[in-house]
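Worksheet: one structure, shown below.
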Amino acid sequence: LTHRQSLCTHSVLRLTIHDLCSLLSSSTSTMPSPVVAGVNVVDIPGLSIKEFHGGVSTKETRLSAVQEIVTEPSVGPWRCPEFDEYILVAEGEAHVEHGAVGKIDIVKAGSGVYLPKGCRVRVNFLGPAEVVAICLPAFSPDTEHREEEGEANTAALAHKVDSTPELIKSVDVVKAPTLTITEYFGNVTSKDNSISACIAKVDEPCTEAWQRPDFAEWVLVLTGTLHLEHAEGTTIVPAGSGVFLAANERVNWIWPEPCTYVPICIPAFSPDGCRREAGEKQKRAAQKMPIQRPWTNCISSIV
């Protein structure tokens, strides 16, 4: 979002979400990608940005995802990116300034904002905040087109389009005794079936049913630990790390302790697309953990 001059430059693969979905659905992988520790791409007084997926941490060009921790007020540069950006505000609030007259949209905790490519914006923070930012395709300084102080970026102005940010109110799509999943973007909140992004909080040890989703999934583990059981064994994803699950991988999610994680799905998550495997154990467990909100039958098993 801000102060990203320390990011290395990378070429950006120009893929539409439709192209990306088609590419990902053809995967034949049988296990998750290697676990990759997040990289602090920015670490200065008042601001830290940890990249879990992207050009620096995973050499990913399709998508980037970072966690940004703000501890002091900050004013971002004006910029006009060539990528779409999805911002999830977990704590505090972000002030998104846009347009010729500098209109300001205030995005409070529990809300998201979609910044379409070609939209000239800057994001400011008046106090402490925590956000997750997703760029598609992946963030690159070359395609951010930031305007240096007091200097107009003619390249940015040349590709600028008449678009504005879109504010989205999050929804608790799963509200269970030990698990809350809050959707910021996706089928429920933004009515967008191309991408979904949530913040999930696990309060006690629990497990999911085996599943073979038809969507690809980028996961950021912010706190706690996630275990992914698969045909080759178990992949352990500790706090501060990320992992990628290709479409059609058969996995079982296990949380041995409280955990906060961010799942990003392309195309967007749906209960039918998750393709969970039903069983007597899952059916009995589901009765003990009733699901509220729109994702009926989303969680199948808990211990």
Side-chain angles (χ1 to χ4, degrees), residues 1-5 7 41-42 44 46-51 54 63-141 143-153 155-157 159-171 182-186 189-192 194-199 220 262 264:
L1 293 174
T2 59
H3 303 287
R4 288 177 171 171
Q5 60 271 29
L7 287 175
V41 291
V42 174
I44 60 176
L47 174 67
S48 66
I49 300 178
K50 177 174 289 188
E51 185 185 273
L63 172 150
S64 62
V66 303
Q67 179 192 31
E68 183 166 350
I69 304 294
V70 180
T71 58
E72 299 176 4
S74 67
V75 177
W78 282 102
R79 55 200 182 91
C80 190
E82 293 182 45
F83 46 77
D84 292 318
E85 188 164 9
Y86 303 80
I87 300 175
L88 295 66
V89 180
E91 297 180 10
E93 60 184 39
H95 289 219
V96 180
E97 194 172 356
H98 59 94
V101 296
K103 180 182 177 181
I104 297 177
D105 291 329
I106 299 176
V107 190
K108 296 182 179 294
S111 296
V113 61
Y114 166 61
L115 307 177
K117 59 186 175 183
C119 179
R120 182 176 180 264
V121 297
R122 68 175 175 182
V123 181
N124 307 319
F125 299 97
L126 302 188
E130 177 184 347
V131 306
V132 172
I134 303 159
C135 300
L136 200 155
F139 173 90
S140 165
T143 57
E144 183 188 28
H145 298 296
R146 66 162 52 207
E147 301 174 18
E148 300 302 330
E149 188 66 28
E151 182 179 311
N153 188 328
L157 296 177
H159 79 268
K160 178 179 178 297
V161 297
D162 186 17
S163 59
T164 59
E166 180 181 356
L167 273 62
I168 306 292
K169 179 64 177 176
S170 68
V171 173
T182 304
E183 182 185 280
Y184 285 73
F185 302 95
T189 53
S190 56
K191 311 304 180 186
D192 184 355
S194 63
I195 184 172
S196 62
C198 304
I199 295 180
L220 296 66
V262 177
I264 304 164

How long is the span from the [atom1] atom in [X] to the [atom2] atom in [Y], to the nearest 0.5 Å?
X	Y	atom1	atom2	result
Ile168	Ser111	CD1	OG	9.0 Å
Glu91	Lys108	CD	NZ	14.5 Å
Glu147	Cys80	CD	SG	7.5 Å
Leu88	Glu183	CG	CD	10.0 Å

Considering non-hydrogen atoms only, spot the tightest contact between [X] and [Y] and give its length.
X	Y	value
Gly54	Ser64	CA-CB, 3.8 Å
Pro165	Pro116	CA-CD, 4.3 Å
Val89	Ala94	CG2-CB, 4.3 Å
Pro128	Thr71	CG-O, 4.0 Å
Trp78	Glu97	CZ3-O, 3.5 Å

* Asked: Can Lys169 and Val171 be said to form a side chain to side chain contact (heavy atoms under 4.5 Å, CB included), step by step?
  -> CA-CA 7 Å; Lys169 179 64 177 176; Val171 173; 5.8 Å; no
Could you check whether any side-chain N or O of [X] sits under 3.5 Å from a backbone N or O of [Y], counting only pairs where one atom can act as donor and the other as acceptor?
X	Y	answer
Ser196	Phe185	no
Asp84	Lys117	yes
Asp105	Val96	no

* Asked: Where do Glu130 and Gln67 land on the side chain to side chain contact (heavy atoms under 4.5 Å, CB included) test, with the steps shown first?
  -> CA-CA 7 Å; Glu130 177 184 347; Gln67 179 192 31; 2.9 Å; yes
Could you check if a side-chain atom of [X] sits within less than 4.5 angstrom of a side-chain atom of [Y], using non-hydrogen atoms only?
X	Y	result
Glu68	Phe125	yes
Leu47	Glu72	no
Leu126	Pro73	no
Ile87	Val107	no
Tyr114	Glu85	no
Val41	Lys50	no
Ile134	Phe83	no
Pro141	Phe139	yes

* Determine, stepwise, if the pair Leu136 / Ile195 fulfils side chain to side chain contact (heavy atoms under 4.5 Å, CB included). => CA-CA 10 Å; Leu136 200 155; Ile195 184 172; 4.0 Å; yes
* Are Glu93 and His95 close enough that a side-chain donor and a side-chain acceptor fall under 3.5 Å? -> yes
* **Sole residue of Lys160, Glu82, Arg79, Arg120 in side chain to side chain donor-acceptor pair (under 3.5 Å) with His145** => Glu82
* Residues forming a ring-ring contact (aromatic ring centres under 6.0 Å, His included) with Tyr184, sequence neighbours excluded -> none
